[in-house]
Amino acid sequence: MKERMKPGKVNKKILIPVIVVAILAAAGLGYTLWKRSATANTIDQTGYQTAQVRRGTLTISASGTGSLVGGQKTNLSFTASGTVASISVAVGDKVTEGQELARIADISTLQSALTTAELDLKAANQKLEEVQNSAETNLANALLTLANAQKDLEDAQSNVLTVGMVRCDQDTTDVYYAAYMKAQEALNALDQSNTNQDYYLNTILPAKTKVEQAYATYQYCAGYTQYEIDSSQATLTLAKAAVKEAEDALAELKENNGIDPADLASAETNVSAAQITYDNAFATLEGTTIYAPFDGTILSIEGEVGDEVGTNAFITIADLVHPEVEFWIDETDLDKASVGTSTEVTFDAIPDKVFKGTVTEINPTLQTMSGYQ
């Protein structure tokens, strides 16, 4: 069943009977087939009117009023500010898609920006390629790191200190202790009550220093300081953590085929950012020349050669060969319109001419139309 859109005012007196006829035809189909030989348009004894069933096309339509507009219309602008170097068209000229319309001068800065962006993009891609090809090196380095961490852990475990441990063997400790006791006995044998300054400086003080040195040597050999004990324990903890970190890093690399996911994500992000910068620089440079996006007619030009322009609309172009009709229908008829529906269009200026068309877009927005029924 075909649907067609016709212009003009909606006439409910026409639409309703069409729907009713469709219902009557469907309801009377069985009876008509049973009485196929009945004469068309006859009246039976009960007063019912009958008609012979015929095959045909049932058309449901809706109508609306509208306006003729250009098929395509767009405003063209430069992507950067500058001085208009050339304008290749005039208002009213017909142009073809891709034809140069206007350009601005002095684009060296934009060209330099594009070159820089291109180099940055190339460097980012090279870095990404290096990351993608680093699997074997990453795995080898991870294995080496784990081996070194395990060796450091073994050293830390063998060098860990606790309270009560001695630094030297017992014979050496005994020798240092005997030296300390001998120095102490030598100090005790001196007359420490003598207050003569020369005697104190030259005799007593050297003897005391010898005792202190002998005791420090003995203590060093007999055990470890608290600092040394704490430091060895901390070194062991760090060594264990380093092994765990190296094991996790190796496992992560193996799960990702040797590629570090963090490095890969960073490299990919850098490529994406560099690509965006390059695309923007390219588009900006490309936009210093305006080209026709489709076949059409120049409607307006907002400037002349030598003018300083920005990024506002500079040239307006429209397709006047393939016009469109914007029309409105009553909301109750909206179900009769869909994209692809065939249409028939007439104009007040040429009422006897019917133009065929197709619905290309529907905007289901309610609007109050003055004088529309």
Side-chain angles (χ1 to χ4, degrees), residues 74-82 85 97-160 231-294 310-311:
T74 187
N75 294 321
L76 307 176
S77 59
F78 295 108
T79 56
S81 301
E97 181 179 351
Q99 180 178 336
E100 181 179 319
L101 307 182
R103 66 170 60 231
I104 58 176
D106 190 15
I107 58 175
S108 58
T109 301
L110 300 179
Q111 290 173 328
S112 177
L114 179 62
T115 300
T116 300
E118 185 177 11
L119 292 175
D120 290 343
L121 178 59
K122 182 177 180 181
N125 277 312
Q126 287 178 340
K127 179 60 179 178
L128 176 59
E129 186 176 352
E130 290 176 2
V131 172
Q132 293 171 334
N133 296 330
S134 63
E136 293 185 4
T137 301
N138 290 340
L139 289 172
N141 287 332
L143 287 171
L144 180 59
T145 299
L146 177 59
N148 291 333
Q150 290 171 335
K151 178 62 171 59
D152 292 341
L153 176 59
E154 292 175 0
D155 293 342
Q157 289 171 333
S158 63
N159 293 326
V160 68
S231 179
S232 70
Q233 295 287 351
T235 300
L236 177 61
T237 300
L238 292 174
K240 290 179 178 179
V243 169
K244 180 63 168 58
E245 182 178 355
E247 290 174 341
D248 292 344
L250 179 60
E252 185 177 39
L253 286 174
K254 289 181 177 180
E255 290 176 0
N256 292 276
N257 299 318
I259 304 299
D260 187 323
D263 290 345
L264 180 61
S266 176
E268 290 176 337
T269 298
N270 290 338
V271 169
S272 297
Q275 185 67 58
I276 291 173
T277 300
Y278 173 80
D279 291 343
N280 290 338
F282 181 85
T284 300
L285 181 61
E286 186 76 6
T288 58
T289 300
I290 296 178
Y291 299 93
F294 50 79
T311 56

Which heavy atom of Ser134 sits nearest to which heavy atom of Val131, and what is that distance?
OG-O, 2.6 Å
Val243 side chain near Leu146 side chain, heavy-atom distance below 4.5 Å:
yes
CG/Asn125 to CG/Asn270 distance, rounded to the nearest 0.5 angstrom?
10.5 Å
Please find the pair of heavy atoms, one from Ala274 and one from Leu121, that lie closest to each other, and give the distance.
CB-CA, 3.7 Å
Got more than 12 heavy atoms from elsewhere within 6.0 Å of CZ, Phe282?
no
Are Thr79 and Glu286 side-chain neighbours, meaning at least one heavy-atom pair lies under 4.5 Å?
no
Separation between CD of Gln275 and CD of Glu268, rounded to the nearest 0.5 Å:
13.5 Å
Leu253 and side chain to side chain contact (heavy atoms under 4.5 Å, CB included): which partner among Asp248, Ile259, Asn138?
Asn138
Spacing of Thr145 atom OG1 and Asn141 atom CG [to the nearest 0.5 Å]:
6.0 Å
In short, Ala239 meets Leu153 closest at the heavy-atom pair CB-CA, 3.6 Å
For Pro293 against Thr74, the heavy-atom pair lying closest together
CG-CG2, 4.0 Å
Between CG of Asn280 and CG of Leu285, what distance do you get to the nearest 0.5 Å?
12.5 Å
Which pairs, with at least one residue in residues 103-112 and sequence neighbours excluded, count as a side-chain hydrogen bond (donor to acceptor under 3.5 Å, both in side chains)?
Glu100-Arg103, Asp106-Ser108
If we ignore hydrogens and angles and just use 3.5 Å, is the side chain of Thr288 paired with the main-chain N or O of Thr284 as donor and acceptor?
no
Beyond-backbone contact of Leu143 with Leu250, side-chain heavy atoms, under 4.5 angstrom
yes
Checking Leu128 against Leu264 for the side chain to side chain contact (heavy atoms under 4.5 Å, CB included) test, could you report, in this order, the C-alpha distance in whole Å, the side-chain angles of both residues, the deciding distance, and whether it holds?
CA-CA 7 Å; Leu128 176 59; Leu264 180 61; 3.8 Å; yes
Assess whether atom CD of Glu129 is packed by more than 12 heavy atoms of other residues, nucleotides or ligands within 6.0 Å.
no
Hey, are the side chains of Ser232 and Asn159 touching, using non-hydrogen atoms and a 4.5 Å cut-off?
no
Using 0.5 Å steps for rounding, measure from the CD atom of Gln157 to the CG atom of Asp152.
11.0 Å
Rounded to the nearest 0.5 Å, the OG1 atom of Thr277 sits from the CG atom of Leu114 at a distance of 11.5 Å
Quick one: does Ser266's side chain have a donor or acceptor within less than 3.5 Å of a partner on Ala262's backbone?
no
Pairwise side-chain contact, Ile290 with Phe78, heavy-atom cut-off 4.5 Å (strictly under):
yes
Please report the closest heavy-atom contact between Ala124 and Val271, naming both atoms and the distance.
O-CG2, 3.3 Å
Where is the tightest heavy-atom contact between Leu110 and Ala80, given as atom of each residue plus distance?
CD1-CB, 4.0 Å
